[in-house]
2 protein chains.
Amino acid sequence: MPRAGLAPAAVVAAGAALADEVGFANLSMGLVAERVGVRTPSLYKHVDSLEALRRGISIQARRELGDTLVRATVGRSGPDAVRAFADAYRRWVLDHPGRYAATVRAPDLDDEEDRRAGDEALRILLDVLAGFGSPGADAIDAARALRSALHGFASLESAGGFGLPRDVDRSYRFLVETLINGLGAGGSDDSARAGDTA
Amino acid sequence: MPRAGLAPAAVVAAGAALADEVGFANLSMGLVAERVGVRTPSLYKHVDSLEALRRGISIQARRELGDTLVRATVGRSGPDAVRAFADAYRRWVLDHPGRYAATVRAPDLDDEEDRRAGDEALRILLDVLAGFGSPGADAIDAARALRSALHGFASLESAGGFGLPRDVDRSYRFLVETLINGLGAGGSDDSARAGDTA
DNA sequence: AGCTTTAAGCTAATCGAATTAGCTGACCGC
DNA sequence: GCGGTCAGCTAATTCGATTAGCTTAAAGCT
């Protein structure tokens with residue numbers, strides 16, 4: 001038979017696309033094999049295992065997300081950069097639910113490549129936040145806050161977690177503006193506990 | 001042989017405990033069976049399938065989390081209630097990682113019981129936020145913002161997503177205070193886009 | 001063009017986890 | 001004590017991941 005001319009990268013790409021369609025959790029070797037046009041066992045010539053394929057998808061997805069975020073934020077700064085970052089983040093997640101689920105897996109600490117793929121988005125995030133000089137606020141804290149909020153919203157939305165009819169776009173804008181407000185006000189350490197009821 | 005005296009609720013409870021130990025994703029019928037002291041097929045006398053067991057765990061977990069949050073916030077209001085809510089939320093997630101993962105699954109919309117179990121936490125959240133009368137801000141938006149942020153942080157932390165050495169407790173406090181600040185400042189709709197660079 | 005080497009793909013087989021079928025005996029109410 | 005019900009069991013099925021071993025397309029060399 002004519003060969004399919006497969007390569008590890010092609011298998012990972014197919015897996016990523018499939019993950020977006022059927023869900024990262026429902027990915028199977030059989031599905032991927034069918035997609036690339038070979039029998040299941042043939043995949044093992046290109047990837048070590050389903051687990052390894054998942055890791056590959058995760059790494060690739062983190063890179064894609066990172067690239068997307070870079071492109072969205074270049075040339076912007078301050079609250080504007082945060083909005084661009086947030087919008088690009090959510091759009092990417094909604095467009096690539098399976099890939100996004102893949103990015104959430106904790107990187108394998110023994111794997112250099114895996115660990116690095118996650119760093120880029122973080123670096124961008126820190127750059128974006130460089131414009132917010134909330135006194136006493138650590139940039140890492142701010143980055144974690146932003147990342148947590150965006151990740152939380154995106155993952156709840158993409159899991160269908162928002163049951164109520166309230167417009168989701170609007171809620172997202174509210175979230176982003178709330179964070180921008182909060183970060184701008186410089187609300188980190190316990191000194192912020194003054195002015196409680198305000 | 002003497003009977004094990006099992007009941008569906010006991011199987012779900014054992015499954016929940018096991019999920020906390022091995023991870024919700026790694027739950028298997030074999031593991032649960034071993035835990036409750038029967039052979040695997042016997043479980044099917046109490047639960048319909050692994051999938052059904054997972055749903056049961058999810059429902060139970062949402063109820064437990066809801067109860068915990070109620071207990072943590074009764075008698076408090078305003079920013080104080082938000083802090084208590086946030087602290088209780090995170091503590092519960094860290095103590096019950098498997099159950100928490102179970103709560104994230106989108107409820108089955110065809111299942112009345114499933115849908116209801118998620119509502120309680122939301123109701124509490126809305127109550128907690130009643131104290132924040134940010135003009136123009138919809139309570140649902142605020143609830144979603146808070147939920148997203150807390151869920152995001154908790155799920156990243158419990159997935160080992162924070163690689164850096166920076167103290168995580170501190171970052172969490174920062175996140176909560178940032179939200180309190182932001183919500184207090186009333187930053188919802190586009191009118192908030194005034195005062196950009198601030 | 002013919003020869004060799006490599007490795008992509010295949011079929012058949014193994015393994016493990018979920019689930020189903022059908023049997024047996026423990027406990028409940030009489 | 002007797003009968004019915006149902007928890008639990010063993011055996012069997014199914015399906016997906018993975019391994020073993022064969023075949024031959026493709027690439028390189030002479």
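Labels below follow one simple rule: chain letters A, B, ... track the order of the sequence lines, proteins then strands, and each chain is numbered from 1.
Using a cutoff of 4.0 Å between basic side-chain nitrogens and carboxylate oxygens, B:Arg39 and B:Glu34 are not scored as salt-bridged. A salt bridge links A:Asp169 with A:Arg90; the closest basic N to acidic carboxylate O contact falls under 4.0 Å.
Within a 6.0 Å radius of CG in B:Asp48, other residues, nucleotides and ligands contribute 12 heavy atoms or fewer.
Figure legend: cation-pi geometry between B:Arg144 and A:Phe162, with NZ or CZ positioned under 6.0 Å from the six-membered ring centre and within 45° of its axis.
With sequence neighbours excluded, the residues that form a side chain to side chain donor-acceptor pair (under 3.5 Å) with A:Arg76 are A:Asp80.
Rounded to a whole Å, the OH atom of B:Tyr44 is 13 Å from the C1' atom of D:dT13. Taking atom CZ of residue A:Arg39 and atom C1' of nucleotide D:dC22, one finds them 16 Å apart after rounding to whole Å. For the pair A:Leu43 CG and C:dG9 C1', the computed distance is 11 Å after rounding to whole Å. When the C1' atom of C:dA7 is taken as reference, atom CG of A:Asp48 falls 15 Å away, rounded to whole Å. If you measure from atom CG of B:Leu53 to atom P of C:dA17, you get 16 Å, rounded to the nearest angstrom.
Distances were taken from every side-chain heavy atom of B:Lys45 (C-beta onward) to each of C:dT19, D:dG8, C:dC10; the shortest belongs to D:dG8. Among C:dT11, D:dA17, D:dC9, the nucleotide with an atom closest to any side-chain atom of A:Leu50 is D:dA17.
Annotation: the span from A:Asp141 atom CG to B:Arg170 atom CZ amounts to 6.5 Å, rounded to 0.5 Å.
Within 4.0 Å (heavy atoms only), B:Ser49 reaches sugar-phosphate atoms of the nucleic acid but no base atom.
Note on B:Ser42: every side-chain N or O is 4.0 Å or more away from OP1 and OP2 of D:dA7. Residue B:His46 places at least one side-chain N or O under 4.0 Å from the OP1 or OP2 atom of D:dG8.
Remark: nothing in residues 14-32 of chain B comes within less than 4.0 Å of DNA chain D through any heavy atom.
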